Amino acid sequence: MSPDDRPYPDVPAQPSFPEIERGVLERWKSQGTFAESVDRRPPGARGRNEFVFYDGPPFANGLPHYGHLLTGYVKDIVPRYQTMRGRRVERRFGWDCHGLPAEMEAERELGVSGRRAITEYGIDRFNEHCRTSVMKYTGEWQRYVERQARWVRFDNDYKTMDLSYMESVMWAFKELWKKGLVYEDHRVKTYSWAAETPVSNFETRIDDAYRERQDPAITVRFRLVPRSGDDGPLEVLAWTTTPWTLPSNLALAVGPEIEYAVFVEDGVRFVLGAAAAAKYEGELAGAERVGTLSGSELVGRSYEPLFPYFSGHERAFRILGAEFVDTEEGTGVVHMAPGFGEDDQRVCRENGIELVCPVDEKGNFTEEVADFVGQNVLAANKPIIRRLKDDGKLVRHETYVHNYPHCWRTDEPLIFKALESWYVKVTDFRDRMVEHNRGINWIPGHVRDGQFGKWLEGARDWSISRNRFWGSPIPVWKSDDPAYPRIDVYGSLDELERDFGVRPTDLHRPGIDELTRPNPDDPTGKSTMRRVPDVLDCWFESGAMPFAQVHYPFENKEWFDDHFPADFIVEYIAQTRGWFYTLMVLSTALFDRPAFQNAICHGVVLDNEGKKLSKRLRNYPDPDEVFDTRGSDALRWFLCSSNILRGGDLQIDREGKAIAESVRLVIIPIWNAYHFFCLYANPDGAEARVRTDQTAVLDRYVLAKTRQLVEQVTDAMNAYDVPRACGLVRSFLDALNNWYIRRSRDRAWRKEKDPDKQDFYDTLYTVLEVLCRVAAPLLPLITDEVYTGLTGRESVHLQDWPDAGELPDDPGLVAAMDRVREVCSTALSLREEHRLRVRLPLASLTVAGADTQSLLAFADLIRDEVNVKSVEASEDLDTFGSFQLVVNARAVGPRLGASMKTVMTASKSGDWRSLEDGRVAVAEAVLEPTEFSLRLLPKEGLEGLAVQSLPSNDVVVGLDVRTTPELEQEGLARDLVRQIQAQRRDQDLDVSDRVRLWINGPQDVLDAAAQWTDYICKQVLAVELSFEPIPGDWESSVSDVSGSETRVAVRKI
RNA sequence: CCUACGGUAGCUCAGUCCGGUAGAGUGCCCGUCUGAUACGCGGGUGGCCGGAGGUUCAAAUCCUCCCCGUAGGACCA
C-alpha cells in the first residue's frame, strides 16, 4: 500500500507543534473557517439564537502583553464553545483611540510638551498626528491576535474616533443632560501650574511622581470676634503647610468631639487641641492652662480674617465642625481654603460658603490678592509668611518633609486647585446599579458583592470632562456673556446642522470649536454661543461601546434592542473600576438595564517573584518566542488552566518552563493517542468509524468515561469555569493513554483482520473524535489538526458540541474500572516495596473486602498489568486485614458532646468491639450503624503475603511474594525478551522484521531460554535461536539481569 | 489609612460557605525503556494549614487582633 492510499495521515511521532499551528492558521485563513463558523449559525428571530459578546476596546497605541493575551484567549474560548453549541457569535474588534495615553505618545513623538505648547503647535496638527499615531500598532495587534488563534473580525472593527461612534457618544451625553444627570461643578483637583493642565490620578501614580518635598509649616493665630462671656481676647491656633492658601482662607474647622485646651498668656487666651499642646511646649512656656473646651463649643464662632481680600464673603470666617479633623499633625484646628483643598471645599459647601480661587492658570495670584498679584503661589510662600510675622500672626515657623505629588512632565510640584468640570450624577441612580448588579453572574462569584458591589455602593459622581484636546467633545455651548446666560446641549449632527448651518464631518477639535452662533437670548446681539473647551473622559466612550459601536440610535436601533445586554464579557479584575463600571453607569442611566449578564474577571500575570511584568526588567519570556518554540495552544493552556481565571494571580517564570509543561502534559498526550491510532490503522488499511455498540469491557469503559467527560466539561463551560474544564480534559487523557490504549495495544498487534481489532480502532477513533470536539475551544489549533487528519472532515470548529447522550451511560463500569486501576497501583506498590520486578511473574493476587467478586470480571486485565498467574477475590477479611473504627464525628459529636474525646482516642487505638445488633461499643458509648464506618487495614506479619489497602480503605490487596524456580525461570525469559527487543530497537529494525538470535550467558539464563524458546521466538520474531558463541562481527548487547553477564545478538534475515 | 482578594507540601493551588482526624499536580528521591509516548510509566518522600488569642467535646474551616503579599481606592490641611 502506498502512502497515498492510507486513510490517515503519516503522523510524525515528535512533531513541531508551532509548525503544525502555523499550518492550521493558514488553513483557516485560506478556507475562511472563522467566517464560516459564524455564518452557519442562524441568528434566529430577533437574534434569539445569538450569543452576544462585547469586546472591550484596548488602547490602540502600545503593544499587547500577557494580560492582553490572556484576556484574548478567554475572549476566544467562550465564543468558540457557544458556536459549537449552535449559537451565532459575532466577534468584532474595537479600538480605544482617545485619551491621555494617546496624547502623551503624540507629545513625545512631536517633541511638544504641555498644553501651552500644544496650543502653539496647533490643535489641528496635534490631533491630526494623534489620529494616525494612535493606529500605529494595529498591525502588530492583529498579528498577535491571529497568532494566538483568536477569532475576531478586524475588517469591521469599530474605533472610538469614528464620526458615527462619536455621534452616539454625543447622543448619550444629551440623554443624560435631558434626564438631569449631567452637571457642571467646581472641584478641587491636582493641577500642574507649570504645564498649565490638570493632572489625573493616573498621572500622579507614574514613577516618582510622589516624592519627598520640604515645605514650610507654619502655625498662625486667628483672633475670634469677641462674644459676651469671653474672659478677654480669644485666639485659635491653626497649622498649615501651604501658607500661600491663607489669603484664600474662608473658614476654620475643628473636630466637634475633640478636646481643646485653653491657655492664657499676657491676658490673651489661646485655643488648640489638647493632644497637640505638647508639641508647642516652647511657645506655651510662659502660658498657663486655664481650661478645656470641646470642639462643639467653638463651632459657630466668627473670627477676624487674616487678609482683607475676601472680607465681605458671605457666611465665611466662621469655625465649622468637621469629622475629618484630628490632632495627629498640627493643632487640631484646620485652616480652610475651599478653592485649594478637597475637604475644605466639601465642608465649606455644606456650610453654604462659596469658594474663591484667586490663582490663575499659570499658578500666579490674580488681582484679587492685590499684594501678591502675579507671583507664583509657591514663591509667594515667603513674603506671605513675612507679612504674617510682621502682623504678629505667626506663632511658629518650621519646615515639614512629606510625600508630595509632582508633575511628571515638568518635575514641578503640583498644587490642589478648584477647576470647572462636568459630572455624571451617578449618586442619583446608584441604587439601580446595585440592583442590576445582583443579577449578574460574576466569575469569581465574590466580585459581585465584593470588589464590584462595594464599589457601586460607594460610587460618587463621575467627572467626565478632560481639559485636553484629543477626544470626543463635550457637546455643550455656552453664552460668553454671563449677563445673558444660555446653555445648549447637542445630541446629533442634525441638531448641530440646524443651529450652525453646517454639518460637521469630523467632531474633533478644533473644528468643532469653530461652530459658534449669536446667543438667541441676548437682545443686544453681542454675545456668542461657544463650545466649552473640554473633551470627554475616554472611559465615557468605552462605556458607550454597546450602542456607539453600531451608531445607535441613528442606525441599527432594532439590532441594538436585540443585542443588549451582552451575554458575556471578560476583562481583568481592575476593570471593576474601569470598563465594567462605565458600562454599568451608562447602561443604567440610559436604559435602566445592566450591560452584561456574565462577566469573568481574571487576575494579573506576575513574574516568578510576584512582581509586575515590566518591559524594562524583561522578567518574562517574549511572547513571540513562546509562540515560536512552544506554540499558542500551550500558552493558552498554561494561562487558562490556572486559577488566574478565578481572579487569582499567576506567576510566570522567565524561561517559560511552565508553558513547556503544558506541552508535555496535554498536547503531547493528545498527539500520542492520535499517532498511535494512525501508526496501526494505516498499515492495516483499517478505516474506523464512530460507533458505540462495542462489547469489550475496555471499549465500553472508555466510551462511558468519554460520556462523563462530555457531561462534566459541558457543565464547567456553562458555568464559565474554564480551569475546571481543563482539569477534566487532563485527567481524561491519563485514563485514555495510560489505561485504555496501553491495555488494548495487543489488539492492534494481531496480524489478521478481525472484529475485535476493528472494535478497538472504532473505539479509539470515536473517543478521539469526541475528545477533539470537547477540547476544541481549549486547544483550537492542535485539536483541529488531529480532527481533520482523523476524520477528513472540515474544521472541528464547524462541528457541533458533542452530545453526551450518544455515548453509553455506565457510571458503574467507570467506577469499577477506576477501582481496578487502583488495585493495580496498589499491587505495583507492593512489588516495589518487596523489590520484585514486574517481569517476574508471581503466583497470585488476592483482593479482599466487601463486594470484591465483581472485580473478578476484570481479572485478565489485572493479571496482565501486575504479572500474576491468578487473581482471586476473598470475603475472608480476617486473613488479610483488620478493621479500624472510624467515628462519624459529625453525626455523633452533637449527641455525645464532651465524651467525644475519649471516644475518638479509643477508636484510634482499637479499643472497641462490635455488638450483635450491628452497633459498636467504644469507650463509654454505643454507636448506631449510621454513626461510624469501618476502615480496613492490612494485617501485618503475614507469611509470604504482602498486603496493603486501597486509598479508599475498604479493600485490601494481598500479593503472594513467594517465588518458585518455575516463576524465576519465566521471569528470566521475560528479561531476555526485553533485552532482545532493546537490541532490535538499537538496530532500527521494523516491528515486522524477522531475525536470527544468539544468546550466551550463565547456565540459569540458558536453561530459561531453552525452557521458553517458543515464547521468546514468538515475542521477538526470531526464526532461529542459537546458544553458540556469537559471531564476532555481530552487534550484541550485554545485561546483568540474572546477576552475571548475559549477551544477546540479533541479525535481520 | 480604607476596601477586596490571598497566605495550606520546595513550587502552583483544591479543601474554608455548612467545624469532624489534610488533598491534587508539579518538584525531589527511587525504580522502570517488550512492538505509540523517557517530553513516557510506576512508586515514594514531603505540611505544628501566616502568627497570637477566643468559641467548641472538636478549628485549616467560625470569631477577634496582628503580620505578609497582590490589586484598587483615600489622604498628604
Side-chain angles (χ1 to χ4, degrees), chain A residues 11 13-14 201 210 238-242 245 253 324-325 329-330 333-337 340-344 402-405 416 444 446-447 450-455 458 572-574 576-577 603-604 606 608 610-612 642-643 647-651 653 658 660-661 663-665 667-669 671-680 723 727 730-731 737-738 741-742 745-746 748-749 824-825 828-833 835 837-839 886-894 896-904 907-908 974 977-982 984-985 989-992 1019-1021:
Chain A
V11 173
Q14 293 186 9
N201 275 349
Y210 267 88
W239 180 84
T240 180
T241 58
T242 53
T245 60
F324 74 89
V325 176
E329 280 173 325
V333 180
V334 175
H335 129 72
M336 313 216 84
F340 305 102
E342 200 178 327
D343 280 327
D344 310 37
H402 54 166
N403 263 336
Y404 196 83
F416 293 85
H446 60 72
V447 174
Q451 190 150 319
F452 196 64
K454 291 261 158 59
W455 176 252
Y572 97 114
I573 183 89
T576 46
R577 265 82 175 192
V604 187
L606 304 168
N608 50 359
K611 296 205 175 66
K612 276 191 171 179
S642 91
N643 74 327
D649 296 336
L650 176 65
Q651 307 201 349
D653 59 289
E661 196 112 282
V663 178
R664 225 184 69 220
L665 292 175
I667 296 177
I668 288 177
W671 191 262
N672 285 340
Y674 172 51
H675 172 247
F676 179 88
F677 176 84
C678 297
L679 187 66
Y680 285 98
R730 197 154 106 74
S731 64
N737 279 3
N738 298 326
I741 295 183
R742 198 157 59 85
R745 304 186 277 199
D746 53 346
W749 299 343
C824 291
S825 286
L828 291 170
S829 137
L830 288 169
R831 273 185 172 277
E832 168 73 20
E833 191 182 315
R835 299 273 153 183
R837 66 193 192 281
V838 180
R839 281 187 304 278
V886 181
V887 179
N888 180 355
R890 199 168 202 157
V892 192
L896 294 185
S899 52
M900 273 299 281
K901 229 169 203 165
T902 51
V903 169
M904 296 302 281
S907 73
K908 271 185 202 163
R974 291 184 64 150
V977 168
R978 187 195 83 189
Q979 192 184 343
I980 297 159
Q981 297 287 20
R984 286 183 60 115
R985 174 181 296 199
L989 299 188
D990 189 83
V991 292
S992 57
Q1019 289 292 307
V1020 305
L1021 299 185

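Just the heavy atoms: all of them, side chains too, but no hydrogens, waters or symmetry mates, feed the values below. Since we're looking at a predicted model, the values are computed, not measured. Residue numbers start from 1 in every chain, and the chains themselves are labelled A, B, ... in the order their sequence lines are given, proteins ahead of strands.
- You won't find any donor-acceptor pair under 3.5 Å spanning the side chain of A:Glu661 and the base of B:C39, going by distance alone.
- Take A:Trp671 and apply the ring-ring contact (aromatic ring centres under 6.0 Å, His included) test, not counting sequence neighbours, and it matches A:Phe17, A:Tyr674.
- When all heavy atoms are compared, the tightest approach of A:Ala337 to A:Asp344 is N-OD2, 2.9 Å.
- Spacing between atom CG of A:Asp344 and atom P of B:C75 amounts to 11 Å, rounded to whole angstrom units.
- Here A:Ile573 lies out of heavy-atom contact (under 4.0 Å) with every strand.
- With rounding to whole Å, A:Arg745 atom CZ is found 10 Å from B:U34 atom P.
- The base-pairing partner of B:U37, taking Watson-Crick or G-U wobble contacts with both distances under 3.5 Å, does not exist among the strands shown.
- In terms of heavy atoms, A:Arg664 sits closest to A:Pro669 at O-CD, 3.1 Å.
- The gap from the P atom of B:A4 to that of B:C65 amounts to 12 Å, rounded to the nearest Å.
- Atom CZ of A:Arg831 and atom P of B:G44 are 15 Å apart (whole Å).
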* Spell out protein contact along nucleotides 13-18 of chain B as letters: B when the base is contacted, S when just the sugar-phosphate is, - when no protein heavy atom is under 4.0 Å; keep the 5' to 3' order. => SS----

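- Pairing partner, B:A71: B:U3, with both Watson-Crick or wobble hydrogen-bond distances short of 3.5 Å.
- For A:Leu1021, whose side chain is taken as the heavy atoms from C-beta onward, the closest listed nucleotide among B:G35, B:A77, B:C5 is B:G35.
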* Pair A:Arg577-A:Trp455, side-chain contact (heavy atoms from CB on, under 4.5 Å): steps then yes or no -> CA-CA 8 Å; A:Arg577 265 82 175 192; A:Trp455 176 252; 3.1 Å; yes

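- Between the A:Arg984 side chain and the A:Val1020 main chain, a donor and an acceptor come within less than 3.5 Å of each other.
- Closest heavy-atom contact between A:Thr576 and A:Gln451: OG1-NE2, 3.2 Å.
- Here the P atom of nucleotide B:C41 and the CD1 atom of A:Ile741 are 12 Å apart, to the nearest Å.
- Using a 4.0 Å heavy-atom criterion, one finds that A:Asn737 contacts the bases of the nucleic acid, with or without backbone contacts as well.
- Taking the P atoms as reference points, B:U70 lies 23 Å from B:C75, given to the whole Å.
- The nucleotide B:C28 finds its pairing partner in B:G44, both defining distances of the Watson-Crick or G-U wobble pair being shorter than 3.5 Å.
- Within the 4.0 angstrom heavy-atom criterion, only backbone atoms of the sugar-phosphate kind lie near A:Arg730; the bases stay farther away.
- A pairwise comparison of heavy atoms in A:Arg831 and A:Arg837 identifies NH1-O, 2.5 Å as the closest pair.
- Across the P atoms, B:G44 and B:A24 are found 10 Å apart, a figure rounded to whole Å.
- Across all strands, A:Ser825 comes closer than 4.0 Å only to sugar-phosphate atoms, never to a base (heavy-atom distances).
- Comparing B:U34, B:C41, B:G73 against the side chain of A:Trp455 picks out B:G73 as the nearest.
- Spacing of C1' atoms, B:G15 relative to B:G72, comes out at 28 Å, to the nearest Å.
- The residue among A:Gln451 and A:Arg974 whose nearest nucleotide of RNA chain B lies closer to the 5′ end is A:Gln451.
- Side-chain atoms of A:Gln981 come within 3.5 Å of backbone atoms of A:Gln1019 as a donor-acceptor pair (strictly under, hydrogens ignored).
- Nearest-nucleotide positions on RNA chain B for A:Val977 and A:Val663 put A:Val977 closer to the 5' end.
- Nucleic acid contact class of A:Ile980 (heavy atoms, under 4.0 Å, all strands): none.
- Comparing B:C48 with B:C11, their P atoms sit 12 Å apart, to the nearest whole Å.
- B:G23 is paired with B:C13 under the Watson-Crick or G-U wobble criterion, all donor-acceptor distances under 3.5 Å.
- For the C1' atom pair drawn from B:G19 and B:U55, the interatomic distance equals 11 Å after rounding to whole Å.
- Rounded to whole Å, the distance from CZ on A:Arg837 to P on B:G31 is 15 Å.
- Taking every heavy atom of both residues into account, A:Pro723 and A:Ser642 meet most closely at CG-O, 3.4 Å.
- Here A:Arg664 reaches the OP1 or OP2 of B:G40: one of its side-chain N or O atoms lies under 4.0 Å away.
- Nucleotide B:C65 has B:G51 as its partner under the Watson-Crick or G-U criteria, with both atom distances under 3.5 Å.
- Taking the C1' atoms as reference points, B:C28 lies 15 Å from B:U12, given to the whole Å.
- For A:Leu828, the listed nucleotide lying nearest its side chain is B:G42; candidates were B:A77, B:G35, B:G42.
- Note: NZ (A:Lys454) to P (B:C2) measures 15 Å, nearest angstrom.
- Rounded to whole angstrom, the span from the CD1 atom of A:Ile668 across to the P atom of B:U37 amounts to 12 Å.
- The side chain of A:Gln1019 approaches B:G35 more closely than any other nucleotide in the set B:G35, B:U37, B:U26.
- OP1 or OP2 of B:A77 has not a single side-chain nitrogen or oxygen of A:Thr240 nearer than 4.0 Å.
- What separates CD of A:Glu342 from P of B:G73 is a distance of 14 Å, to the nearest Å.
- Rounded to whole Å, the P atom of B:A59 lies 15 Å from the corresponding atom of B:G51.
- The side chain of A:Arg577 has B:G72 as its nearest neighbour among B:G43, B:G72, B:C39.
- Nucleic acid contact class of A:Asp343 (heavy atoms, under 4.0 Å, all strands): sugar-phosphate only.
- Between A:Ala13 and A:Asn672, the closest heavy-atom pair is O-OD1, 4.4 Å.
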